[in-house]
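Only one structure is covered here, and it is reproduced in the block below.
Each ligand, and each atom within it, is numbered from 1 in the order the structure gives. Being a predicted model, the structure only gives us computed values, none of them experimental.
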Amino acid sequence: MLWLSLSLFVSLANAKPLVARWDNMKLKHGWETLPAHWVPIGAAPEGATIDLHIKLKSADADALIGTLLEVSDPSHERYGKHLSKEEVAELVAPHSDTHAIVASWLAAHNIAARPAFNGDWLQLDAVPIETANALLDASYQLYEHPSTGETLLRTQSYSLPAALHGHVSVVAPTTFFGTPQAMRATSRVEENTKVVQEDVLRAQALSPDAVPSSCASTITPSCLKALYNTTGFTPAATNRNILAVAGYLQEFANQADLTTFANRFLTGASSATFGTVLINGGQNSQNNPGVEANLDIQYTTGMSFPTPQIYYSTGGSPPFISDDNTPTNTNEPYLNFLDTFIAQSPLPQTLTTSYGDDEQTVPLDFATEVCNLFAQLGTMGTSVMFSSGDFGVGGGDCQTNTSPRKVQFQPIFPATCPFVTSVGGTTSVNPEVAASLSSGGFSNYFAQPSYQTSSVATFLNAIGTQFNGLFNRTGRGFPDVAAQAEHFQVVIGGRVGSVAGTSCSSPTVAGVVSLLNDFRLSEGKSSLGFLNPLLYSTGLSGLNDITSGSNPGCGTAGFTARAGWDPVTGLGTLDFGKLKALLG
Ligand SMILES: *[C@@H]1O[C@H](CO)[C@@H](O)[C@H](O)[C@H]1NC(C)=O
Ligand SMILES: *[C@@H]1O[C@H](CO)[C@@H](O)[C@H](O)[C@H]1NC(C)=O
């Protein structure tokens with residue numbers, strides 16, 4: 001009692017005055033021109049509301065990433081000593097002054113807030129649009145994406161009182177026009193390709209020394225097991241190891257299709273199943289199997305059965321109805337997913353996501369904080385994989401969205417986040433070569449992290465001045481690793497189809513990583529958590545370097561895969577047998 005009242009007295013005496021001007025607004029983020037494709041279609045309807053997320057700056061800005069890099073560095077004494085959710089909350093905690101000043105600003109607008117994520121975010125529920133506009137000097141209105149028909153409520157710019165710029169790093173949804181519908185899934189069905197009617201490969205015990213040439217035209221789990229040297233490994237930590245798939249776009253993973261797939265392609269796995277977690281109105285319609293969702297769950301299962309699988313179905317809001325007062329599409333897919341996922345107990349040790357957007361369409365402040373949430377997952381022991389994208393060095397005309405417009409290679413976010421493992425694509429066998437679709441390059445937002453400086457420098461020296469001015473030589477290079485990306489046999493609605501994209505590669509790598517996590521847990525060790533510091537150092541000898549192929553785009557021939565790291569296939573593909581030996 002005495003201690004409590006004493007400390008209260010001290011903190012009051014030391015507190016800075018909380019009187020600040022709320023009318024001195026300063027721009028936080030605005031687009032020079034509207035993000036491509038979006039068309040304003042009018043004011044928000046009468047009575048519309050929006051749920052806002054506010055990220056409070058952490059008192060110690062470097063604590064999270066510093067800790068992440070220590071617990072992920074195999075040569076550090078803290079390697080593998082992952083943090084609990086509570087410990088991460090302490091690490092990212094805002095200063096009490098930050099809480100106080102933001103609270104008094106919200107109180108001045110009569111807005112209530114509750115903590116979200118690890119306590120470093122606030123959530124404001126159902127804020128009337130007029131209040132949000134006043135709070136943020138914003139102009140929320142409806143925008144439509146003509147090709148998808150999707151509507152959402154966003155603002156072209158927003159501001160904060162000058163006194164808050166040191167305390168708040170982002171407010172969302174504001175200027176990020178990405179939505180579950182518009183985020184690009186990185187899978188596509190291949191036309192007119194040969195489909196294997198049954199697993200001709202299944203009977204053979206494929207060895208990595210003899211990957212059959214048929215795997216160059218049709219990929220099944222047997223091919224991948226042989227290629228990545230997992231054949232013969234039986235998971236043993238299936239009571240605690242979990243592999244998670246993040247799904248968006250109203251994409252549903254289908255149980256009947258998984259069973260058909262398992263019967264056809266996975267000996268002894270006819271009981272294969274998965275859990276489903278629904279987020280933000282996400283659904284699980286079993287009448288409507290999604291190509292992306294089925295691909296992901298069939299190949300994470302294909303690589304790691306009987307490891308438990310969970311499919312996270314993150315919803316968007318239903319299409320906007322103009323005469324309806326219910327909130328329109330006010331959700332932000334990454335935040336809705338992460339808010340739920342970070343709170344999972346137990347937290348899955350491996351996570352794969354096959355979605356992304358051109359980095360330049362994601363506001364820097366928002367991208368930075370979403371990336372930091374992936375860093376939180378790594379700090380807690382989860383390995384996070386993202387497809388690098390299917391657009392080579394860039395899709396479309398590759399114009400920048402700031403004036404003067406010019407052609408620039410277009411990196412893909414979140415693959416460019418330095419705290420995820422970004423997965424590019426390969427094709428063919430004996431040898432594997434880069435798939436031309438494989439997105440890769442250099443971030444314009446995130447600086448090169450220390451774990452990759454030497455590998456990336458070797459590549460940059462090798463190419464000299466090639467493509468100078470088209471990409472950012474100091475940016476984070478991606479992808480980190482690669483896996484097969486074409487001719488995947490997937491069951492969709494009971495029929496086998498052939499699918500391509502780095503959407504194939506990320507679940508494949510996640511499957512191998514999940515087996516490594518299984519092995520580590522079985523040995524009484526920690527899960528692997530954030531992989532990159534390992535992959536770029538001691539893990540290197542457990543990877544197969546891919547040294548030919550390229551990723552054309554933006555009217556250029558693209559980068560060329562070469563010995564060592566390259567922005568097409570990263571460091572190469574995973575050899576489970578060798579990595580397991582390194583990690584034992
Ligand atoms: C290049 O990347 C750095 C981060 O390494 C960033 O600060 C800078 O703004 C980028 N330059 C351009 C032109 O995007
Ligand atoms: C597969 O892994 C084993 C270790 O389990 C290793 O000895 C072997 O060289 C690997 N095979 C290939 C082809 O990389």
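- Below 4.0 Å from some heavy atom of N472 lie the following atoms of ligand 1, by number and element: 1 (C), 2 (O), 3 (C), 8 (C), 10 (C), 11 (N), 12 (C), 14 (O).
- With distances taken over non-hydrogen atoms, the option nearest atom 8 (C) of ligand 2 out of L582, T231, N229 is N229.
- Close contacts between ligand 2 and G577 involve ligand atoms 2 (O), 4 (C), 5 (O) [criterion: under 4.0 Å to a heavy atom].
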Next on the checklist: Using side-chain hydrogen bond (donor to acceptor under 3.5 Å, both in side chains), reason through S58 and D120 one step at a time and then give a plain yes or no.
Outcome noted: CA-CA 7 Å; S58 304; D120 52 332; 4.9 Å; no
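- Within the 4.5 Å cutoff, no side-chain heavy atoms of T573 are placed close to those of D545.
- The shortest N or O to N or O distance between T474 and ligand 1 is under 3.5 Å.
- Within the 4.5 Å cutoff, side-chain heavy atoms of F446 are placed close to those of E359.
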Next on the checklist: With side chain to side chain contact (heavy atoms under 4.5 Å, CB included) as the criterion, how do Y334 and F366 come out once you've worked through the C-alpha distance, each side chain's angles and the decisive distance to 0.1 Å?
Outcome noted: CA-CA 10 Å; Y334 296 123; F366 179 77; 4.2 Å; yes
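- Ring centroids of F374 and F419 are separated by 6.0 Å or more, keeping the two rings apart.
- The single protein non-hydrogen atom nearest to atom 7 (O) of ligand 1 is N444 O, 4.7 Å, given as residue, atom name and distance.
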